[in-house]
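This one's a predicted model, so the numbers in the text were calculated from it and none came from an experiment. Here is how names work: the chains are called A, B, and so on, in the same order as the sequence lines, proteins then strands, and each is numbered from 1.
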Protein chains: 4
Amino acid sequence: MSPRSTEQNEAQRAQTRLLILETALKAFAEKGYASASISYIAKEAGISKGLSYHYFKNKEDLLVGIFEMLAGMADGLEAAWEGKTPREKLAMAIEMTFQILKEQPQTVRFMTALALQPEVTSHLKALIEAQKLINIKVYEEIFTELNYKEAEAEAYAFGALLDGVALGNLAIGNDYPLDTMKKVLYAKYDL
Amino acid sequence: MSPRSTEQNEAQRAQTRLLILETALKAFAEKGYASASISYIAKEAGISKGLSYHYFKNKEDLLVGIFEMLAGMADGLEAAWEGKTPREKLAMAIEMTFQILKEQPQTVRFMTALALQPEVTSHLKALIEAQKLINIKVYEEIFTELNYKEAEAEAYAFGALLDGVALGNLAIGNDYPLDTMKKVLYAKYDL
Amino acid sequence: MSPRSTEQNEAQRAQTRLLILETALKAFAEKGYASASISYIAKEAGISKGLSYHYFKNKEDLLVGIFEMLAGMADGLEAAWEGKTPREKLAMAIEMTFQILKEQPQTVRFMTALALQPEVTSHLKALIEAQKLINIKVYEEIFTELNYKEAEAEAYAFGALLDGVALGNLAIGNDYPLDTMKKVLYAKYDL
Amino acid sequence: MSPRSTEQNEAQRAQTRLLILETALKAFAEKGYASASISYIAKEAGISKGLSYHYFKNKEDLLVGIFEMLAGMADGLEAAWEGKTPREKLAMAIEMTFQILKEQPQTVRFMTALALQPEVTSHLKALIEAQKLINIKVYEEIFTELNYKEAEAEAYAFGALLDGVALGNLAIGNDYPLDTMKKVLYAKYDL
DNA sequence: TATGAATGAGAATTCATTCAT
DNA sequence: GATGAATGAATTCTCATTCAT
């Protein structure tokens, strides 16, 4: 009975939703969450303001949508880990971090800022916190496999180092010695 | 018109200015820059909205004022370094970081977020960048005194580690193993 | 194309129309005309938003439809009057008023509010006014049969009393002495 | 220290507040609560949209303000009752009702509709209910003084009659026999 | 210097209505 | 007939900033 086939509808929905998410991510990253208005995002996406509310019930929900999209991408990457040695995994973690830092600094900036904004609701706060802890757990497993005595502490330290490099790179910009830092990391973990 | 009253006036001005700055810092830290209104800050400080515009020509200017105040405080601390050994200095840098992280996490959150916000004017951006580089330089001197081969790289790594710990602590909250991380740092630098 | 299928179609149309009308009445009564959206009504009725525009060309038209439906129901009731004595008719008018007040207060609220809303189109206004006057005429006939000298005035007074009880009951709610008021009415008209 | 004297300020505030209240009452009465936008009210009052929010924190608060203003006016009238006989008081209640019905039908419409709107919050609902009950109590006292056996029931009936007349007058308009109804009331209560 | 009333631009959000399919 | 994606205008509300006093 449906005039537009269900699949067509769903495809359309998925496509528009993705368009909004990607436009919003770009806008939030460039202007900040508070400063990027729904109006602006809609205009950038070439749709009407009202349509965003068809897909996301409010601005916060859009933010959560972006977060989930990015978290989903990270999940996809984990498939690549299968069958690697612990040292290879560690190297991959480092490589991935530096790669995204170079290729999508705005996205990194956005995700990092997200964790620091008091405006963000506790729901999203919890999601962010959970994601961070998952990362730590992954690192801990690697260090356990590598027979580190204090695997958990080392995992936190490793995570902190990567985060700190990201933060420094974002704050200082092109003057930040990204390549040197990668070497330091490789040396530190004997890779 | 007597010089005496002028002095009094200036003291009064300085005091009111400081009151506004401190109130604004607290408000920005707690509610975020965008969400803390001038109205709210003025009310909290017990002054009128209009008066704050006598001291700071706009909201952005207030933000710069806060940053300069905090940077000035950091400068003041450097006096305490005089005559210490490099290892003592390193320990002090760590201690100070962890202390402020425990006592004024909101302020740290705010300053960190500041460094990430694209909304922030380029003037403030430059100030933040400069401040970060000054810190690195100080660390580099210490590591040079300690005969590290790669003093500069180590300084960046040390700064990144401290930043990363701060970030993790802010994102994860009370579950973050702050004390463990301090021990890791002491161990890592043999303090 | 066979007449049979046309009949089926018409029955289907009538049924869907009624479903929409009843759902809308419930929604308007519970949430108010302005606050009950077409979206909400369609969802409640289990149909699509677009379909309701096949049956009612706009929201206002839906309102008129509801009113006509209710007016039609009242007409139906008149059949029951046939062959009753005037005093029985008066008692029935009272009973019917109190019954609907108890069983469907929301509907009464809605219809009463409708009569008061300036937003309402003049077409609907005229319908409401006519309906009210018809009621008065019916009451007047009864009082004439009962040999009241001022039958018309008494009809207005009787109508006002019933309306006032309804209004009081709606405004005050469960604390309103509905049963007492019924006794007062019975006593007043010696029933 | 205040530059504009406190009295000046308060006078200004009171005046602007009253201007907004009266404009809003007029607008609500003419277009209905939902349809009269803050924008429209501000324009009618010749002030900016934002200023309304300086005086009333939201639209609902403005509504409460109007209600309180009208309730306050009614209180003022009570002073006139002092020293009158019960029958004079009853006559005055009737006169006042009919007078306001003739002179400010829109205000009556508005206040009546208010009691019926589901959109209105429970706070205002409670205020309206309380006001209605106060009226009933006043009537009850009169009927007690007049030695009616069922003073409370008669008070409710009297109130219902007045309300019903108001409702009929609003619904039917100029065709409603206001004067006849007043005579009916006078006759009924032997005034 | 100090006040806070007033402004106006812009934000988030809602919703009746249209229309391609 | 039936769907729901899409639109755009309107609405409530916020806030940085100005200015008369």
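- What separates CG of B:Leu62 from P of F:dT17 is a distance of 10 Å, to the nearest Å.
- Backbone-only contact: D:Tyr55 has heavy atoms under 4.0 Å from sugar-phosphate atoms and none from a base.
- Summarising the geometry, the separation between CG on C:Asn58 and P on E:dC15 is reported as 17 Å, rounded to the nearest angstrom.
- Distance CD1 (A:Ile47) to P (E:dT13): 15 Å, rounded to an integer number of Å.
- Comparing A:Lys57 and B:Arg13, the nucleotide of DNA chain E nearest to each residue sits closer to the 5' end for B:Arg13.
- In this structure, A:Leu70 and A:Met111 approach most closely via the heavy-atom pair CD1-SD, 3.3 Å.
- Base-pair partner of F:dA10: E:dT13 (Watson-Crick or G-U wobble, both distances under 3.5 Å).
- Between C:Gly50 and D:Thr16, the residue anchored nearer the 5' end of DNA chain E, judged by the nucleotide with its closest heavy atom, is D:Thr16.
- Because its NZ or CZ atom is both nearer than 6.0 Å to the ring centre of C:Tyr33 and within 45° of the ring axis, C:Lys59 counts as a cation-pi partner of that residue.
- Judged by closest nucleotide on DNA chain F, C:His54 is the one of B:Ala34 and C:His54 placed further toward the 5' end.
- When distances run from any side-chain atom of A:Leu51 to the nucleotides E:dA16, F:dT7, F:dC13, the shortest one goes to F:dT7.
- Put simply, the side chain of C:Lys43 never gets that close to the backbone of C:Ile38: no donor and acceptor are under 3.5 Å apart.
- Look at CD1 on D:Ile41: it is 17 Å from P on F:dA10, rounded to the nearest Å.
- Cation-pi geometry between C:Lys26 and C:Phe110 is not met at under 6.0 angstrom from the ring centre and within 45 degrees of the axis.
- The base of F:dT17 sits with one of its N or O atoms less than 3.5 Å from a complementary donor or acceptor on the side chain of B:Lys49.
- D:Ser52 places a side-chain N or O within donor-acceptor distance of the main-chain N or O of D:Lys49, the cut-off being under 3.5 Å.
- Checking F:dA6, E:dA6, F:dT18 against every side-chain atom of D:Ser48, the shortest atom distance belongs to E:dA6.
- If you measure from atom CD of C:Gln15 to atom C1' of F:dG1, you get 15 Å, rounded to the nearest angstrom.
- Residues B:Tyr33 and D:Ala36 each lie close to DNA chain F; by heavy-atom proximity, the contact nearer the 5' end of the strand is made by D:Ala36.
- In this structure, A:Gln12 reaches the F:dA6 phosphate: one of its side-chain N or O atoms is under 4.0 Å from OP1 or OP2.
- Here the P atom of nucleotide E:dA16 and the CG atom of C:Asp61 are 14 Å apart, to the nearest Å.
- Base pairing of E:dA20: its partner is F:dT3, meeting the Watson-Crick or G-U wobble criterion (both donor-acceptor distances under 3.5 Å).
- Going from atom OH of B:Tyr53 over to atom C1' of E:dA5 covers 15 Å, rounded to whole Å.
- If you measure from atom NZ of C:Lys31 to atom P of E:dA16, you get 11 Å, rounded to the nearest angstrom.
- Comparing atom distances between the C:Ile38 side chain and each of F:dC13, F:dG4, E:dT17 picks out E:dT17 as nearest.
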